[in-house]
Student: 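Below you'll find the structure I mean.
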Amino acid sequence: MADHNDQNLTPSDLLLAETQSWNQLYFFIEHVTLKCALQLGIPNAITKHGKPMTLSKLMSSLSISPSKYPYFHRLTRILVRYGLLILQKHEDNNVDDGDDSKGYYSLAPTDRYIMKDGPWNSMEDQDSFFFKAWNCLGDWFRNEDPSKFYTAYGDLFWTKLSRDTSSGNWFHANMARDSRSFMNVLIGNEFKDVFKGLTSLVDVGGGTGTVAMAITKKFPDMKCIVLDLPPIVANLQGSENLEFVAGDMFQKIPAANAVLLKSILHDWNDEEFVKILKNCKDAITRSGKVIIIDMVMENPELDDEAFQAQLFIDMLMMVFLGSKERNKKEWEKLFFDAGFTSYKIILTLGLRSVIELYP
Ligand SMILES: C[S@@+](CC[C@H](N)C(=O)[O-])C[C@H]1O[C@@H](n2cnc3c(N)ncnc32)[C@H](O)[C@@H]1O
Ligand SMILES: O=c1cc(-c2ccc(O)cc2)oc2c(O)c(O)ccc12
């Protein structure tokens, strides 16, 4: 007797549903195997070796006993499936011995971003902090807390970071890596026009200054201020054209030609968003502008893989901050609610867009 749920499914539907349910229920294994690769040091071992390496050489470089070969090749097999590793088969690969793992393993191009020095890969040392907030997400939909992070910690994200030095350092180090990577693309070619002609700029929520340092290096005549919370900038040393200012963007933003907001507005709800932008409007000159670097959801320029990444980060915003990523219509409404008259989406670089906002 077919289960009542199956009665409308054909046999092939049932078999497809089985495959889909395994993939949906066990999708987390991609994350587990990536973390395992990081934990074992596979990317660094291959990078250090300097060229593709056989499985046995990889195992010995990782001090993994040959007795684990029957298991280790299954880990590398799934890492190849996920596109984290590339397997180049031996020319004379003797497929008769059934060992399809023979060949040379190298890192996929994306790994150099994810594994070696990309942002957000040092979750190892923040396993509990980062992943605890994700557990039992359903609980949050049944309570009145502002975010799942609050449900997990009894603290808002920024409050917790300012109180917990190691998590705060982990977070700001990752934001700095994200900024270094993004600014290399933005300033490294013709997109530097965004900052052209500016004599002063305030990087609001500029963290430890990675973006501001990149800008002042490229534009030495520009005076840059990094505004961030006291615990973040307290011990940071500025330079001739870079100053760290402790403050609260909800209170006041120092005056300048332009204000930069990178990965800021997606941290806040609509009311807070408008408050920040109103303070930005008060800070810039009439001929000035606000430069926003953030995601524009449902961006037709982006492919499905990028859209999925944006959905992940939107979930991240919901879980950690109770905030959201916004589509073009949502951005535009809040720009006008904050009293700005016009804006331009200058360009899209990967997941994020550069938007200029005019008073
Ligand atoms: C997601 S991080 C972005 C950092 C940096 N803009 C970047 O993209 O790398 C958000 C920043 O906003 C800062 N922040 C949070 N609340 C703030 C406030 N009330 N006033 C100023 N900065 C604040 C945080 O300390 C953090 O550095
Ligand atoms: O954990 C994050 C990650 C981001 C992030 C990652 C990649 C992007 O292309 C954009 C943003 O941003 C965060 C953020 O703004 C925040 O306040 C907390 C956590 C994260």
Side-chain angles (χ1 to χ4, degrees), residues 113-114 118-123 126 129-131 133-134 147-149 156-164 167-186 201-215 224-234 236 244-254 259-269 272-273 275-276 279-280 283 291-297 299 302 305-326 348-354:
Y113 180 83
I114 299 171
W120 316 106
N121 72 346
S122 54
M123 293 176 190
Q126 290 297 327
F129 173 75
F130 195 81
F131 293 104
W134 290 97
S147 67
K148 177 58 181 56
F149 185 94
L156 293 172
F157 183 69
W158 301 119
T159 313
K160 176 76 177 167
L161 282 196
S162 60
R163 287 187 181 142
D164 176 341
S167 305
N169 291 342
W170 166 79
F171 174 78
H172 289 289
N174 279 291
M175 281 315 312
R177 273 202 285 259
D178 175 73
S179 284
R180 197 164 20 258
S181 167
F182 188 86
M183 291 310 285
N184 283 341
V185 178
L186 180 61
L201 175 136
V202 180
D203 185 0
V204 172
T208 51
T210 304
V211 172
M213 289 173 200
I215 293 171
C224 260
I225 288 175
V226 172
L227 174 73
D228 212 302
L229 296 169
I232 312 308
V233 297
L236 297 180
F244 288 96
V245 170
D248 179 350
M249 62 188 167
F250 289 103
Q251 297 303 320
K252 182 168 174 44
I253 293 170
V259 166
L260 171 64
L261 296 164
K262 173 179 171 291
S263 297
I264 298 296
L265 294 172
H266 74 160
D267 289 344
W268 304 97
N269 66 33
E272 293 159 332
F273 177 120
K275 176 65 180 159
I276 295 169
N279 286 348
C280 291
I291 302 161
I292 295 165
I293 298 173
D294 232 322
M295 289 183 189
V296 178
M297 296 290 283
N299 182 337
L302 297 184
E305 192 175 19
F307 180 56
Q308 176 181 277
Q310 286 193 333
L311 291 175
F312 285 160
I313 294 170
D314 180 60
M315 289 302 292
L316 181 77
M317 292 301 111
M318 179 173 77
V319 167
F320 275 59
L321 296 141
S323 63
K324 61 187 286 186
E325 299 297 350
R326 294 175 171 91
T348 295
L349 286 174
L351 302 174
R352 286 169 285 198
S353 297
V354 179

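Predicted model, so just to flag it, every value in this text is computed and none were measured. Counting convention: from 1, in listed order, for ligands and their atoms alike.
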Student: Taking all heavy atoms of Ala133 and all of Lys148, pick out the closest pair and write down the distance.
Tutor: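 That closest heavy-atom pairing would be O-CG, 2.8 Å.
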Student: Lys262: which residues meet the side chain to side chain donor-acceptor pair (under 3.5 Å) condition with it, sequence neighbours left out?
Tutor: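 For Lys262, the residues satisfying side chain to side chain donor-acceptor pair (under 3.5 Å) (neighbours in sequence not counted) are Asp178, Ser179.
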Student: Between Asn279 (side chain only) and Phe250 (backbone N and O only), is there a donor and an acceptor less than 3.5 Å apart?
Tutor: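 Indeed, once roles are kept as given, a pair shorter than 3.5 Å links the two residues.
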Student: Can you check side chain to side chain contact (heavy atoms under 4.5 Å, CB included) on Arg177 and Thr210, steps first, answer last?
Tutor: CA-CA 8 Å; Arg177 273 202 285 259; Thr210 304; over 6 Å; no
Student: Just verifying a value: how many Å separate Leu261 CG and His266 NE2, rounded to the nearest 0.5 Å?
Tutor: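 The distance works out to 11.0 Å.
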Student: Quick one: does Glu272's side chain have a donor or acceptor within less than 3.5 Å of a partner on Asn269's backbone?
Tutor: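 Yes, the answer is positive, given that a donor and an acceptor are paired below the 3.5 Å cut-off.
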Student: Need the ligand 2 atom indices (1-based, order shown) with element for anything under 4.0 Å from a heavy-atom of Met295.
Tutor: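 Counting from 1, the qualifying ligand atoms are 8 (C), 9 (O), 10 (C).
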Student: Check ligand 2 against Asp267 and write out every atom of the ligand that is under 4.0 Å from a heavy-atom position of the residue.
Tutor: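 Taking each heavy atom of Asp267 in turn, ligand 2 has 14 (C), 15 (O), 16 (C), 17 (O) under 4.0 Å.
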Student: Going by the rule side chain to side chain donor-acceptor pair (under 3.5 Å), which residues pair with Asn169 if we only count those two or more places apart in sequence or in a different chain?
Tutor: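 With neighbours one apart ignored, the set is empty.
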Student: Suppose I only count heavy atoms of Met317 and a 4.0 Å limit; which atoms of ligand 2 are within that range?
Tutor: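 Listed by number with element: 12 (O), 13 (C), 14 (C), 15 (O), 16 (C), 20 (C).
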Student: Polar-atom distance check: Asp178 versus ligand 2, any N or O pair below 3.5 Å?
Tutor: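 Such a contact does not occur with ligand 2.
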Student: Kindly list each side-chain donor-acceptor pair under 3.5 angstrom involving residues 315-322, sequence neighbours excluded, with atom names and distances?
Tutor:
none

Student: With hydrogens left out, which residues have an atom under 4.0 Å from ligand 1, given that only heavy atoms count?
Tutor: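 Within 4.0 Å of ligand 1, the protein residues are Trp158, Phe171, His172, Met175, Ser179, Gly205, Gly207, Asp228, Leu229, Ile232, Gly247, Asp248, Met249, Phe250, Lys262, Ser263, Ile264, Asp267, Trp268.
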Student: For ligand 2, note which part of Phe320 has a heavy atom under 4.0 Å away: side chain, backbone, both or neither.
Tutor: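 No part of Phe320 comes within reach of ligand 2.
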Student: Can the ring centroids of Phe171 and Trp158 be said to lie less than 6.0 angstrom from one another?
Tutor: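 Yes, close enough.
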Student: State whether the shortest distance between N or O atoms of Trp158 and N or O atoms of ligand 2 falls below 3.5 angstrom.
Tutor: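 No; every N/O pair is 3.5 Å or more apart.
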Student: Is there side-chain contact between Val354 and Ile291, with at least one heavy-atom pair below 4.5 Å?
Tutor: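 Result yes, sub-4.5 Å side-chain heavy-atom pair found.
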Student: Would you mind telling me if ligand 2 is within reach of the side chain of Leu321, the backbone, both or neither, using heavy atoms under 4.0 Å?
Tutor: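 Only the side chain of Leu321 comes within reach of ligand 2.
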Student: Looking only at heavy atoms, is any part of Ile264 under 4.0 Å from ligand 2, and if so is it the side chain, the backbone, or both, or is it neither?
Tutor: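 For Ile264, there is no contact with ligand 2 at all, from either part.
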Student: Under 3.5 Å, is there a donor-acceptor pair between the side chain of Asn184 and the main chain of Arg180?
Tutor: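 At least one qualifying donor-acceptor pair exists.
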Student: What part of Phe182, side chain, backbone, both or neither, has a heavy atom within less than 4.0 angstrom of ligand 2?
Tutor: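 Neither part.
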Student: Backbone, side chain, both or neither: what part of Phe149 comes under 4.0 angstrom of ligand 2, heavy atoms only?
Tutor: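 Under 4.0 Å from ligand 2, Phe149 contributes no heavy atoms.
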Student: Using a 4.0 Å cutoff against the non-hydrogen atoms of Ile313, which atoms of ligand 2 qualify?
Tutor: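 Counting atoms of ligand 2 from 1, those under 4.0 Å from Ile313 are 6 (C), 7 (C), 8 (C).
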Student: Any sub-3.5 Å donor-acceptor pair from Arg352's side-chain atoms to Phe182's backbone N or O?
Tutor: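 Absent.
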Student: Going by heavy-atom distance to atom 1 (O) of ligand 2, choose the closest among Ile293, Leu316, Val319, Leu351.
Tutor: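 Looking at heavy atoms only, Leu316 sits closest to atom 1 (O) of ligand 2.
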